[in-house]
Amino acid sequence: LGAYFADGTKKGNSWAICASTHEQANYYYSMHKSLFPKSCPSYYVSVTDTQNRHVKKLSEEIIENWSVNTNFDLNKCKCRIISSDSVSPNKLNKFGTLVIRENRGVMLKLYNRLLNKLLKKCTQRAALDFVLGLMEGDGTVNAKKEGTSK
């Protein structure tokens with residue numbers, strides 16, 4: 001839940017969590033499926049291309065990389081390529097970010113309810129696990145909102 005708090009959606013009409021590594025993707029997927037075994041998430045990879053590479057080839061390489069290194073089916077995975085020459089290389093992930101998403105609002109409500117319960121009735125161990133999960137995610141607010149809570 002800490003990683004979800006850091007890298008998941010908490011508003012809107014769908015639930016999603018972003019994984020920057022294959023290990024994160026496998027863990028987030030397995031935890032989600034253990035909570036909701038009948039869920040059917042969709043996936044997409046978001047990657048920033050600063051070298052103006054061939055879009056179709058780059059997309060195929062990136063999806064292949066995620067498919068080989070994850071423990072779940074990415075056959076219908078899409079790739080969103082953002083072309084930019086102004087992004088700092090330190091902020092780039094060679095294989096992008098895999099987004100695991102459920103387009104049902106009920107998932108978002110369930111995860112937010114779990115977060116609220118955890119934050120209200122939290123043992124010391126649960127608090128530590130939450131903080132460790134937060135650190136596994138990026139641990140920061142959404143950059144698109146420039147640090148505001150709006």
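Just so it is clear, the values below take in all heavy atoms, side chains as well, and ignore hydrogens, waters and symmetry mates. Model, not experiment: these values are computed from the prediction.
Judged purely by atom type and a 3.5 angstrom limit, Ser59 has no side-chain atom pairing as donor or acceptor with the backbone of Val55. Counting only distance, with no hydrogens or angles, the side chain of Asn112 and the backbone of Lys11 share no donor-acceptor pair below 3.5 Å. Put simply, the side chain of Glu64 never gets that close to the backbone of Glu60: no donor and acceptor are under 3.5 Å apart. At distances below 3.5 Å, not a single donor-acceptor pair connects side-chain atoms of Glu102 with backbone N or O atoms of Ala16. The closest donor-acceptor contact from the side chain of Asn103 to the backbone of Ser14 lies at 3.5 Å or more, if one exists at all.
One hydrophobic cluster, built from ILVMFWY side chains closer than 4.5 Å, cannot hold both Met107 and Tyr44; they sit in different ones. No path of Ile, Leu, Val, Met, Phe, Trp and Tyr side chains, each step under 4.5 Å between heavy atoms, connects Ile62 with Val99, placing them in separate hydrophobic clusters. When the side chains of ILVMFWY residues are joined at heavy-atom separations under 4.5 Å, either directly or via intervening members, Val68 and Tyr27 end up in two distinct hydrophobic clusters. Both Trp66 and Phe72 sit in one connected hydrophobic cluster of ILVMFWY residues. Membership requires side-chain heavy atoms under 4.5 Å apart, directly or through other members.
Between the CG atom of Asn75 and the CD1 atom of Ile63 there is a distance of 10.5 Å, given to the nearest 0.5 Å. Arg104 contributes atom CZ, which lies 14.0 Å from atom CG of Asn13 (distance to the nearest 0.5 angstrom). Glu23 contributes atom CD, which lies 11.0 Å from atom OG1 of Thr70 (distance to the nearest 0.5 angstrom). For the atom pair OH of Tyr43 and OG of Ser67, the computed distance is 10.5 Å after rounding to the nearest 0.5 Å.
Across all their heavy atoms, Leu108 and Gly12 have their closest contact at CD2-O, 3.1 Å.
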Test log, rule side chain to side chain contact (heavy atoms under 4.5 Å, CB included), inputs Cys18 and Leu98:
CA-CA 6 Å; Cys18 300; Leu98 178 72; over 6 Å; no
For a side chain to side chain contact (heavy atoms under 4.5 Å, CB included) check, start with the C-alpha distance between Val47 and Phe95, then their side-chain angles and the critical distance, and finish with the verdict.
CA-CA 7 Å; Val47 63; Phe95 296 108; over 6 Å; no
Can you check side chain to side chain contact (heavy atoms under 4.5 Å, CB included) on Ile81 and Leu58, steps first, answer last?
CA-CA 9 Å; Ile81 298 176; Leu58 177 60; 3.8 Å; yes
Start with the C-alpha distance between Asn26 and Asn69, add both sets of side-chain angles, then the distance that settles side chain to side chain contact (heavy atoms under 4.5 Å, CB included), and finish with yes or no.
CA-CA 9 Å; Asn26 287 323; Asn69 291 293; 6.0 Å; no
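Ring-plane geometry between Tyr111 and Phe36 is classed as tilted, the angle between the planes lying from 30 to 60 degrees on a 0 to 90 degree scale.
Ring-centre distance between Tyr28 and His32: not below the 6.0 Å cut-off.
Remark: Lys57 engages His54, Glu61 in a side chain to side chain contact (heavy atoms under 4.5 Å, CB included) (not counting sequence neighbours). With sequence neighbours excluded, the residues satisfying side chain to side chain donor-acceptor pair (under 3.5 Å) with Asn65 are His22.
Within a 6.0 Å sphere centred on NZ of Lys33, heavy atoms belonging to other residues, nucleotides or ligands number more than 12.
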